[in-house]
Number of protein chains: 2
Amino acid sequence: MSPRKFFHPDVADLTLHRILFALSDPTRLTVVSELMRTGECASGDLLAESVPRSTMTHHLKILREAGVTRTRPEGMRCLISLRREDIDARFPGLLDAILTHGGAESSAP
Amino acid sequence: MSPRKFFHPDVADLTLHRILFALSDPTRLTVVSELMRTGECASGDLLAESVPRSTMTHHLKILREAGVTRTRPEGMRCLISLRREDIDARFPGLLDAILTHGGAESSAP
DNA sequence: TACGATGTACGACGAAAATCGTACATAAAC
DNA sequence: GTTTATGTACGATTTTCGTCGTACATCGTA
């Protein structure tokens, strides 16, 4: 009956270099850009490209454990969202600066 | 007579994920914060901590090849500086957002 | 030229990351 | 309970990264 638990770091535990590392991968940058556009997104809908499930799970875990995203189980699926307020509170302007241009270049490795 | 050449990527070749990766290491984040404070810095002056020369060279190379810093030979030494205008031109607000809080947390891994 | 100072290049080593297949867990519907 | 859909956990493999010692290159000066 355990409704699937996911670890989310506390706002105070967010570190800049962990967040930057989480965003330093093209695949993860694409995911975050997509989340920026859609607000909340089912994990499966992020799977459009040629990325296997387990690989996407891996990337989502890194984003979540860095405090970039929040994962919320909803029935069979997992809804992913950006922790915008939390990151903005700790590192103001960071997400804005990154996501303004994140979508444009994330497809050009 | 070759006055030591260093590769610096063109502004158009800067990519977000490379820059973010370069900044995702605590040591390199400290270096960049220091450059932010001092403007231009001799490579040896960044060596204050317990980081061997060759390790610092490695980190400075990663920063330089990501387009974050510029290396200018000056006599025996190397002067390092931030490519602020270039990065600001390509990713406005990014350096500001990162460096505002970069110094405070880079010492807490 | 020789010397000392500053930095780089190269190689080796261990640690961590990226990828992905397979097996397992959860939830809804039948 | 069985089936199907969705996603995670685990393990194996390959690649990359971070660290650092040693050898080499460059620059100024004696």
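Sequence lines set the chain letters: A, B, ... in the order given, protein chains first and strands last, and positions in each chain run from 1.
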Selected nucleotide, minimal atom distance to [X] side chain, candidates [options]:
X	options	answer
B:C78	C:dT19, C:dT8, D:dG7	C:dT8
A:R28	D:dT8, C:dT8, C:dA18	C:dA18
A:R53	D:dT6, C:dT8, C:dA18	D:dT6

For [X], all residues meeting side chain to side chain contact (heavy atoms under 4.5 Å, CB included), sequence neighbours excluded:
X	answer
B:D13	B:D10
A:A89	none
A:S43	A:L60, A:C78, A:I80

How long is the line joining [atom1] of [X] and [atom2] of [N], in whole Å?
X	N	atom1	atom2	value
A:H17	D:dC17	NE2	P	17 Å
A:L60	C:dT19	CG	C1'	15 Å
A:L79	D:dT6	CG	P	13 Å
B:K5	C:dA9	NZ	C1'	18 Å
A:F6	C:dA25	CZ	P	15 Å
B:E74	D:dT26	CD	P	18 Å
A:H59	C:dC20	NE2	P	8 Å

Checklist entry - In chain order, what residues pass the salt bridge (charged side-chain N to carboxylate O under 4.0 Å, His left out) check against B:D25, with sequence neighbours excluded? => result none
Checklist entry - Can you list the residues that meet the salt bridge (charged side-chain N to carboxylate O under 4.0 Å, His left out) rule with B:E65, with sequence neighbours excluded? => result none
Item to check | Under-4.0 Å side-chain N/O to phosphate OP1/OP2 contact, B:R77 with C:dG7 | outcome: yes
Checklist entry - With respect to the phosphate group of C:dT8, does any side-chain polar atom (N or O) of B:T57 fall under 4.0 Å of OP1 or OP2? => result yes
Could you list the residues that satisfy side chain to side chain donor-acceptor pair (under 3.5 Å) with [X], not counting sequence neighbours?
X	value
A:H59	A:R28
A:R53	none
B:R83	B:D86

Checklist entry - Cluster question for you: counting only ILVMFWY and a side-chain heavy-atom cut-off of under 4.5 Å, with indirect links fine, are A:F21 and B:F91 together? => result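 No, it is not one cluster - the side chains of A:F21 and B:F91 are not joined through contacts under 4.5 Å.
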Between N or O atoms, less than 3.5 Å apart, protein on one side and nucleotides 1-4 of chain D on the other: list the pairs.
none

Please tabulate, one pair per line, each protein N/O and nucleotide N/O from nucleotides 20-23 of chain D that are separated by under 3.5 Å, including the distance.
residue	atom	partner	partner atom	Å
D:dG21	N7	B:S54	OG	3.2
D:dG21	O6	B:S54	OG	3.3

Checklist entry - Charged N to carboxylate O below 4.0 Å: is that the case for A:E34 and A:R37? => result yes
Checklist entry - At their closest point, which heavy atom of B:F7 faces which heavy atom of B:R64, and how far apart are they? => result O-NH1, 2.9 Å
Item to check | Over all atoms of both residues, closest heavy-atom pair of B:R90 and B:A12 | outcome: NH2-O, 3.6 Å
Item to check | Difference in axis direction between the ends of the helix from C:dT1-D:dA30 to C:dC30-D:dG1, five pairs, 10° | outcome: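 So the angle between the two local helix axes works out to 10°.
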Next on the checklist: Run B:L35 and B:S81 through side-chain contact (heavy atoms from CB on, under 4.5 Å) and show every step you take.
Outcome noted: CA-CA 6 Å; B:L35 290 176; B:S81 56; 5.7 Å; no
Checklist entry - Which of residues 61-72 of chain A sit near DNA chain D, with a heavy atom under 4.0 Å from it? => result none
Next on the checklist: I'd like to check A:R77 versus A:D45 (side-chain heavy atoms, cut-off strictly below 4.5 Å). Are they in contact?
Outcome noted: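 A side-chain contact under 4.5 Å exists here.
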